[in-house]
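Some notes on the structure that comes next.
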Amino acid sequence: AVQIGRELGLDPEADIAMVSTSYGTDGDRSGRVGVIGPMRMNYGRAITAVEEVGDGLGESLGTSGESG
């Protein structure tokens, strides 16, 4: 998920964005992991990093590499 400024419930002029994904075991969501940064961040890089960390956490908890 990508959320920008107002979508985060912040001041519409806030220069903040968040990229996040859920992780868990066997389809059950255990939590979320994400990156908070400026709206000008490299979204492609942030999404890739967040997905990799989420997949790694899921695998550590026992999933077979499903992304959330």
Side-chain donor/acceptor pairs under 3.5 Å, residues 4-11, sequence neighbours excluded:
unit_1: Glu7; atom_1: OE1; unit_2: Ile4; atom_2: N; d: 2.9
unit_1: Asp11; atom_1: OD1; unit_2: Glu13; atom_2: N; d: 2.8

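Evaluation of the side chain to side chain donor-acceptor pair (under 3.5 Å) test over residues 36-45, restricted to residues two or more places apart or in two chains, returns Asp15-Arg40.
Val19 is not connected to Ile16 by any chain of hydrophobic side-chain contacts under 4.5 Å among Ile, Leu, Val, Met, Phe, Trp and Tyr, and they are in different clusters. When the side chains of ILVMFWY residues are joined at heavy-atom separations under 4.5 Å, either directly or via intervening members, Val2 and Val35 end up in a single hydrophobic cluster.
Atom CD in Glu52 sits 12.5 Å away from atom CD1 in Ile47 (nearest 0.5 Å). Atom CE of Met41 is separated from atom CE of Met18 by 9.5 Å, given to the nearest 0.5 angstrom. Here Arg32 contributes atom CZ and Thr21 contributes atom OG1; the two are 6.0 Å apart, rounded to the nearest 0.5 Å.
With sequence neighbours excluded, the residues satisfying side-chain contact (heavy atoms from CB on, under 4.5 Å) with Ser30 are Tyr23, Leu61.
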